[in-house]
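A note on names: the letters A, B, ... follow the listed sequences, proteins ahead of strands, and every chain is numbered from 1.
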Amino acid sequence: MKIATWNVNSLKVRLPQVTEWLQSAQPDVLVLQEIKLVSEAFPVDAFAELGYHALASGQKTYNGVANIARASMHDVITDIPGLDDPQRRVLATTINGIRVVNLYVPNGQSVGSDKYAYKLGWLAALRDWLAAELAQHERLVVLGDFNIAPEDRDVYDPDKWGDDVLCSPAERAALGELTALGLVDVFREFDQPEAAYSWWDYRAAGFRRNAGLRIDLILASSALAPYCNASYVDREPRSWERPSDHTPVIAEFRV
DNA sequence: ATGGTGGTCCAACCA
């Protein structure tokens, strides 16, 4: 199973790029974030033409997630239990016996802001829910835009970023609580190029300078992680005309 | 030290 995550920053704008990438990369599963569409407006037909099933949990203007898969999907969850949240940031589906949890973690704006508090509360509720999901699904992958750079080596200039949002100790501790459940950041299970990132700010020519962060992650349960063959970033779509500010991250499992 | 860009949708918010 080849599985990928991509924050597309508007599927209306990026649909041609997503279909182009699907045809060249041929993943079995692709999960999208920031589709910025209501669920009813999701272009199911465009994916059906390419042989993919699609499910979306969207809203107007902001957020929104979708799962696209060769196989059919079932046991759909769109909300973290116990968290009353109108923002569409979660889509869990079971695909060929693998539990796939697609996340668009809140950005958090700045340390100490209301949005930062929302992010930390969201991550605490996520942790409890994932513990329950792991108890039910031995083979589970949780992937998406985490809006957290796990370590300084995931940041182009850690001294400049310091403890700012996306890198703050509390956010990294919240991510640590997820890995403490047995979830493995599979990207770090393999040799990687120096300065491998998944997001580059549109501003200040971030991509040209490789001034990026690795904030798009693929975590696999301890039962599934040993079956991971490879994990890597595909920088190419970030170099295309009118790109998303994120690029796809991929993991391949021999299951 | 500040502001830069881009998406949504046309003023202001979000990232």
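- Under the 4.5 Å side-chain heavy-atom criterion for ILVMFWY residues, no single connected hydrophobic cluster contains both A:Tyr52 and A:Val31.
- Between A:Arg14 and B:dG7 there is a side-chain N or O to OP1 or OP2 distance below 4.0 Å.
- For the side-chain contact (heavy atoms from CB on, under 4.5 Å) criterion with A:Arg99, the lone passing option out of A:Asp75, A:Val141, A:Val142 is A:Asp75.
- With C1' as the reference atom, B:dA12 and B:dA1 are 25 Å apart, rounded to whole Å.
- Side-chain atoms of A:Tyr62 lie closest to B:dC14 of the nucleotides B:dT8, B:dA15, B:dC14.
- Checking A:Ile250, A:Leu217, A:Val186 one by one against A:Ser231, the side-chain contact (heavy atoms from CB on, under 4.5 Å) holds for a single residue, A:Val186.
- If you check B:dC14, B:dC9, B:dG7 against the side chain of A:Lys60, the one that comes closest is B:dC9.
- Close to B:dC9, at under 4.0 Å from its OP1 or OP2, lies a side-chain N or O of A:Thr61.
- If you measure from atom CG of A:Leu11 to atom P of B:dT8, you get 10 Å, rounded to the nearest angstrom.
- For DNA chain B, each stem of at least three Watson-Crick or G-U pairs (distances under 3.5 Å) is given as range with range: B:5-8 with B:12-15.
- Per the geometry, CG belonging to A:Asp201 stands 17 Å off P belonging to B:dT2, to the nearest Å.
- Taking atom P on both B:dT2 and B:dA15, the two are 22 Å apart, rounded to the nearest angstrom.
- Put simply, CG on A:Asp245 is 9 Å from P on B:dG7, counting in whole angstrom units.
- Comparing B:dG7, B:dT8, B:dA15 by their closest approach to the side chain of A:Tyr104 singles out B:dA15.
- Using a cutoff of 4.0 Å between basic side-chain nitrogens and carboxylate oxygens, A:Asp185 and A:Arg214 are scored as salt-bridged.
- Between A:Gly108 and A:Val13, the residue anchored closer to the 5' end of DNA chain B is A:Val13, taking for each the nucleotide with the nearest heavy atom.
- Side chain to side chain, A:Tyr116 and A:Ser168 meet the donor-acceptor criterion of an N or O pair below 3.5 Å.
- The gap from the P atom of B:dC13 to that of B:dC9 amounts to 15 Å, rounded to the nearest Å.
- Taking atom CZ on A:Arg208 and atom P on B:dG4, their separation rounds to 17 Å, with Å as the unit.
- Here A:Lys36 does not reach the OP1 or OP2 of B:dA15: none of its side-chain N or O atoms lies under 4.0 Å away.
- When distances are taken from the side chain of A:Asn9 to each of B:dC9, B:dT5, B:dG7, the shortest belongs to B:dG7.
- Annotated as anti: B:dG6, whose glycosidic dihedral deviates from 0 by more than 90°.
- To the nearest angstrom, P of B:dT5 lies 19 Å from CD of A:Glu34.
- Between B:dC14 and B:dC10, the two P atoms lie 16 Å apart (nearest whole Å).
- With no hydrogens or angles considered, no side-chain donor-acceptor pair links A:Trp200 and A:Asp245 at under 3.5 Å.
- Ion pairing between A:Asp152 and A:Arg172 holds under the 4.0 Å rule for side-chain N and carboxylate O.
- Using a distance-only test at 3.5 Å, with no hydrogens or angles considered, no donor-acceptor pair links the side chain of A:Thr93 to the main chain of A:Met73.
- The CG atom of A:Asp114 sits 15 Å away from the C1' atom of B:dC13 (whole-angstrom rounding).
- Between B:dA15 and A:Arg203, no contact under 4.0 Å exists linking OP1 or OP2 to a side-chain N or O.
- Between A:Tyr232 and A:Phe187, a ring centre-to-centre spacing not shorter than 6.0 Å is recorded.
- Within 4.0 Å of A:Phe207, counting heavy atoms only, lies no atom of the nucleic acid at all.
- Distances shown here put every side-chain N or O of A:Lys12 at or beyond 4.0 Å from the OP1 or OP2 atom of B:dG7.
- With rounding to whole Å, A:Asp145 atom CG is found 16 Å from B:dG7 atom P.
- Rounded to a whole Å, the CG atom of A:Leu37 is 14 Å from the C1' atom of B:dC9.
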